[in-house]
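Worksheet for the structure shown next.
This is a predicted model, so every value here is computed, not measured. Just follow the structure's listing: the first ligand is 1, and inside any ligand the first atom is 1.
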Amino acid sequence: MENSHYLLLTPGPLTTTKQVKDAMLRDWCTWDDDYNGLVQEVRRKLVEMAVKNTEKYTAVLMQGSGTFTVEATIGSVIESSGKLLVCANGAYGNRIAQIARILGIPTVMCEADENEPIQIEQLERVLTEHADITHVAAVHCETTTGILNPIREITKTAKKHNKITIIDAMSSFGGIEIDMEDWQIDFLISSANKCIQGVPGFGFVIANRIEIEKCKGRARSLSLDLYDQWETMEHFNGKWRFTSPTHVVRAFYQALLELEEEGGVMTRQERYEQNQRLLVQRMKEAGFKPFIKDEYHSPIITSFCFPNEDFHFASFYEYLKAQGFVIYPGKVSQTDTFRIGNIGDVHEADILALTETIERRSVYQ
Ligand SMILES: *Cc1c(COP(=O)(O)O)cnc(C)c1O
């Protein structure tokens, strides 16, 4: 906690290192070669993280929070005659569908309960019923609850029916090993302030080169035109079309270096998994049950049920904040929950300190 007033145990913005914050203490010109070279380096590193066969993939960065990049992708890759199937078992899956509806894109749903992964048999049925579906979108780690969806089976099923696949891996990319080619993902979406442990300000898409090249002129927005943004970055050496978040990009580059120093995605995934297992074990001891079954759980964020009817989240939250820990309210629709994230610059000692602080308060329960 040396570098901040409290520890963020939230799914982004999250606790960043001092060096990531320090990287923002310089001003950068947006058309200078140094800055654009940095953008190119970031794009290259993102592709290397996402896939072994780097030739076939390319990266594009987009201003705004993660949702802006989801909207840019949905609005730019689906042709006007296209139809989208959205897999949803939480708020972020539903948000993709909401974006599509606002953009006037015909949408079909494949839904599951918030505590259940997407069911492949149901996906198969929906794909068979609606042969005119062109794209399938799904969320990898549904941050609403922390559940992991079976992305490889979802994309395998989608590919069997020749569909383009779009994966919101916002809260998992960089924290869970993914190989886009192996996993048959055409467009993968994530953002600066999740598992790569940068600060908020932009999102990014890693795309199958052949598929993004088909997207010229499809966008339903000027500023959120993913193809145009990509083409400019690609042909003008890392140039963004409109003002880019220079300080955030510099901090993100530092965060990428730190991810490499930590040992790469696999090592980070192990740290997150250890954090999450320890958190759940200690929270169970303190009387809190996770909302999701262990076997469906991601190592990213955990939803806990309120322990009883008298539990008052606001005072629990204030108590923890006063002790230096910020947690997250719940997002589940039917059950009272709160969430604790364990991504970011968060380590075993932090989880132990948090859960000791929670145990000390159990008189309130
Ligand atoms: C964080 C997140 C987003 C994007 O949220 P923003 O608030 O727009 O950054 C989208 N999908 C998932 C699964 C997320 O965790």
Between T143 and ligand 1, does any nitrogen or oxygen pair lie at a separation below 3.5 Å?
->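 For ligand 1, there is an N or O atom that lies under 3.5 Å from one belonging to T143.
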Please confirm whether Y92 comes within less than 3.5 Å of ligand 1 when only nitrogen or oxygen atoms on both sides are compared.
->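 No; every N/O pair is 3.5 Å or more apart.
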Which of the atoms of ligand 1 are close to [X], meaning less than 4.0 Å from one of its heavy atoms?
| X | answer |
| --- | --- |
| V139 | 13 (C) |
| G66 | 4 (C), 6 (P), 8 (O), 9 (O) |
| S171 | 15 (O) |
| R95 | 5 (O) |
| T67 | 4 (C), 5 (O), 6 (P), 8 (O) |

Are the charged groups of D294 and R277 less than 4.0 angstrom apart, N to O?
->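 Answer for the salt bridge query: no.
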R209/E55 salt bridge by N-O under 4.0 Å criterion =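 No, this pair does not count.
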Regarding R361 and the six-membered ring of Y319, is the cationic atom NZ or CZ under 6.0 Å from the ring centre and inside 45° of its axis?
-> yes
Determine, stepwise, if the pair Q274 / E270 fulfils side chain to side chain donor-acceptor pair (under 3.5 Å).
-> CA-CA 6 Å; Q274 280 160 12; E270 281 162 17; 5.6 Å; no
Parallel, tilted or perpendicular, as decided by the 30° and 60° cut-offs, for the rings of W28 and Y35 |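 If you compare the ring of Y35 with that of W28, the planes turn out tilted.
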Residue, atom name and distance, where the atom is the protein heavy atom closest to atom 3 (C) of ligand 1 =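 Closest protein heavy atom to atom 3 (C) of ligand 1: M170 CG, 3.4 Å.
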Around atom 11 (N) of ligand 1, find the nearest protein heavy atom and jot down its residue, atom name and distance.
->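 Residue, atom and distance for the closest contact: D168 OD2, 2.7 Å.
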Can you name the closest pair of heavy atoms from R220 and E79 and give their distance?
-> NH2-O, 3.4 Å
With distance as the sole test, does S303 use its side chain to make a donor-acceptor pair with the main-chain N or O of T145 at under 3.5 Å?
-> yes
Please state whether C141 comes within less than 4.0 angstrom of ligand 1, counting heavy atoms only.
->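 Yes, C141 has heavy atoms under 4.0 Å from ligand 1.
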Answer side chain, backbone, both or neither: which part of K194 comes under 4.0 Å from ligand 1, heavy atoms only.
->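 Answer for K194: side chain.
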Are the aromatic rings of F288 and F316 close, with centres under 6.0 Å apart?
-> yes
